Amino acid sequence: MIACTRDCYDTCIFDSNYKPLNIFPINGFTCSRGIADLKRNEINRVDSAYIEGKPVSIDEAVKYIVKKIKETKREEILHIDYDGNQGLLTWYYPARFWNAIGSSSTDYSICSAEGHEAIKIHYGTSFGALPEDFVRYNAVVFWGSEAVFSFIHGWRILSNKYKITIDVRMSETAKRSEKAYIINPASDAFLAIGVIKTLFYEGLYDPSMIDNVEILKNYVNSYDFSLIEETTGLSQEEIEELAELYYYYKPLTIIGFALGRTYNGGDAISLISLIPALLGMKRGFFYSNSQGWGIDFSYLRGLHIAKPSRIIGMAEVGKEVEKGNVKFLFTWNSNPIHSLPGSDKIKEAVEEGKLFLVSHDPFWNETTKIANVVIPAPTFLEKYDVVYSYWHSYLVYNEPIRPQRGITEVELMKKLAKEYGIISHPLIEENEWIAVDNAIRGTGVSLQELKDKKIVKMNKTIEVNKVKVEPLPKLTPPPKGVYLVFSSHPNHTNSQFKEIYSQMPIAYNNQLDGIGYLENSNGKVKVLLKKDESVPNNVVFMFKSSLIGLDDKPINSLIGSEKGKYGGTPLLNGHTVNIRLIK
Ligand SMILES: Nc1nc2c(c(=O)[nH]1)N[C@H]1C(S)=C(S)[C@@H](COP(=O)(O)OP(=O)(O)OC[C@H]3O[C@@H](n4cnc5c(=O)[nH]c(N)nc54)[C@H](O)[C@@H]3O)O[C@H]1N2
Ligand SMILES: Nc1nc2c(c(=O)[nH]1)N[C@H]1C(S)=C(S)[C@@H](COP(=O)(O)OP(=O)(O)OC[C@H]3O[C@@H](n4cnc5c(=O)[nH]c(N)nc54)[C@H](O)[C@@H]3O)O[C@H]1N2
Ligand code: SF4
Ligand SMILES: [Mo]
């Protein structure tokens with residue numbers, strides 16, 4: 001059995017011939033990447049270890065890396081690992097070496113942290129609806145979610161329902177919905193207030209789930225409809241209609257990750273999550289279920305024994321590198337030159353010899369191409385692992401179906417530990433499979449059961465009977481301007497799959513066609529400008545898989561170090577830009 005470990009809601013499960021299983025909710029189909037995985041596995045692979053472009057043995061590379069580590073202060077060493085592969089052994093366990101030596105760590109905030117924290121304020125958990133719950137609804141609200149592309153199995157299950165989409169542009173999901181509300185960027189918190197205000201005013205609510213209805217009522221009534229109309233760009237009638245649809249249909253709300261990356265994004269998610277509760281619905285939302293399974297990710301990373309010397313927000317890595325506070329960067333499962341805010345500063349520091357960069361990756365990408373040391377990694381088709389989903393409740397024992405190339409993250413970690421002289425550290429000494437068995441204990445599944453059965457459904461539900469209303473945010477309307485916003489491309493997962501499907505940095509906008517610049521106080525990047533009627537005047541839209549400009553500058557040069565107040569998520573969708581055509 002094999003599970004696709006890319007950062008994706010769906011976590012498709014395949015048989016040993018790489019055919020998607022015909023079980024709910026995989027339902028026997030996969031995406032354009034799943035179809036091309038076996039072919040892609042043979043293309044653009046890192047085929048050897050490299051030091052400064054010269055092929056070397058992995059052992060030589062390890063020696064060189066450890067020498068550099070020993071020359072660097074531990075807090076100036078940073079590891080960046082994210083969700084290129086969601087396996088417990090690939091992503092989480094290898095952080096033990098870095099924690100054991102007390103290097104700096106990121107806050108893992110880039111994607112979904114903001115919403116997890118915002119929902120937990122009210123529910124105590126971010127665990128929402130399961131796929132089995134999805135089918136029971138008659139209607140769905142896609143709020144800041146491009147599910148047609150980003151969540152294909154969820155979309156398929158929900159596509160025969162009454163669909164409402166709330167977005168800042170006419171997304172594909174909006175086009176295929178019965179109702180679409182196109183609002184001003186970053187105005188979602190105000191829209192949520194407008195909906196809650198209407199539900200109260202029209203008496204369309206059920207107080208049984210809310211701990212203190214009066215506090216919520218007074219809060220929303222402190223915002224005038226005129227401010228809500230001006231901020232969202234919707235009329236009071238449209239907002240009342242949305243509230244009435246909410247009351248009539250009691251839809252499932254899919255809260256998209258994109259929301260947590262906007263101005264007021266955490267506040268928006270916090271307020272949106274209160275709408276289903278005010279309608280008396282239990283777990284009437286879905287965001288990400290990853291934190292509800294009972295998998296102990298901190299244990300896997302060894303945080304019960306050793307802590308990083310410093311936490312650097314993913315929003316701030318570029319800034320910290322520029323200040324000279326990071327001198328050594330080790331990345332796996334992540335392509336920071338493509339995807340981190342301010343990545344132009346990381347790139348410059350490497351090129352100027354101020355930052356030593358090591359990348360462990362199966363494929364050549366924007367980061368490996370400039371790294372001082374590159375180490376080849378096996379893909380998920382080539383190694384054993386345990387995989388979970390942030391949507392469905394299957395745990396999968398991943399077995400290789402292709403011969404291993406390169407060195408696994410666990411093997412590399414052990415080599416680094418041996419060379420560094422900490423092989424008998426308790427975190428390194430604990431065998432990886434024992435660590436996994438311990439870490440999944442909270443799921444009710446043992447490693448042995450998983451190895452025997454290959455896939456096991458976790459029997460997990462979290463009941464929330466009362467939702468805590470406070471604290472409620474004090475909002476300021478977002479700054480005016482043309483917002484640069486991003487979304488998922490149907491043929492890519494983040495930066496991945498460029499070896500099969502090519503892509504250009506296209507900035508879809510309402511004004512200009514041709515080659516031009518996007519610019520703001522953070523930087524300037526050359527892109528292809530494309531006029532598109534589905535994009536309003538105050539939005540420039542790009543796919544988040546083509547984040548390198550025509551001038552080779554990262555699009556994220558335009559993204560500053562601002563971050564969300566709940567989970568620290570960077571304001572990836574929260575920056576305004578000017579558009580200029582080259583004449
Ligand atoms: N095919 C494919 N699937 C993917 C991915 C991929 O790259 N490709 N990536 C995976 C990952 S890592 C993630 S995080 C998820 C992301 O998937 P989603 O949660 O769907 O988020 P996005 O695709 O970033 O954006 C969704 C929508 O939010 C809109 N939006 C932007 N700003 C605002 C705003 O202020 N308000 C409102 N209401 N809407 C706004 C965008 O226009 C977009 O249509 O998808 C996962 N699935
Ligand atoms: N401007 C802007 N920036 C964004 C976003 C946006 O919307 N706008 N979206 C953000 C989001 S939601 C996310 S999640 C991040 C994602 O940021 P990225 O880090 O770019 O994520 P991926 O491209 O999914 O994967 C990163 C790398 O992991 C590698 N990888 C895959 N499998 C393995 C493995 O088994 N072992 C090892 N060692 N490596 C492996 C892949 O080859 C790839 O190079 O980007 C963020 N950046
Ligand atoms: S990227 Fe997502 S939809 Fe595609 S194969 Fe992987 S889990 Fe399935
Ligand atoms: Mo993400």
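Both counts, for ligands and for their atoms, begin at 1 and track the order of listing. Bear in mind the structure is a predicted one, so any value in this text is a computation, not a measurement.
Between Ile110, Asp83, Val168, it is Val168 that holds the heavy atom closest to atom 33 (C) of ligand 1. The closest non-hydrogen atom to atom 45 (O) of ligand 1, taken over Ser150, Cys111, Pro490, Ser339, comes from Ser150. The closest heavy-atom contact to atom 41 (C) of ligand 1, among the options Val485, Asn494, Asp167, comes from Asp167. Considering only non-hydrogen atoms, atom 21 (O) of ligand 1 lies nearest to Ala258 out of Pro478, Gly574, Ala258.
The shortest N or O to N or O distance between Pro185 and ligand 1 is not under 3.5 Å.
Residue-level proximity to ligand 3 for Asp37 is absent, since no heavy atom of it falls below 4.0 angstrom.
A ring-ring contact (aromatic ring centres under 6.0 Å, His included) with Tyr388 is found for exactly one of Phe297, Tyr397, Tyr394, namely Phe297. Screening Tyr108, Phe257, Tyr287 for a ring-ring contact (aromatic ring centres under 6.0 Å, His included) involving His116 leaves a single residue, Tyr287.
Excluding waters, the set of protein N/O/S atoms under 2.8 Å from atom 4 (Fe) of ligand 3 reads Cys31 SG.
Considering only non-hydrogen protein atoms, atom 6 (C) of ligand 1 sits nearest to His492 O, 3.3 Å.
Using a non-hydrogen distance threshold of 4.0 Å, Arg261 registers as a contact of ligand 1.
Counting only N and O atoms by type, the side chains of Gln291 and Tyr390 include no donor and acceptor under 3.5 Å apart.
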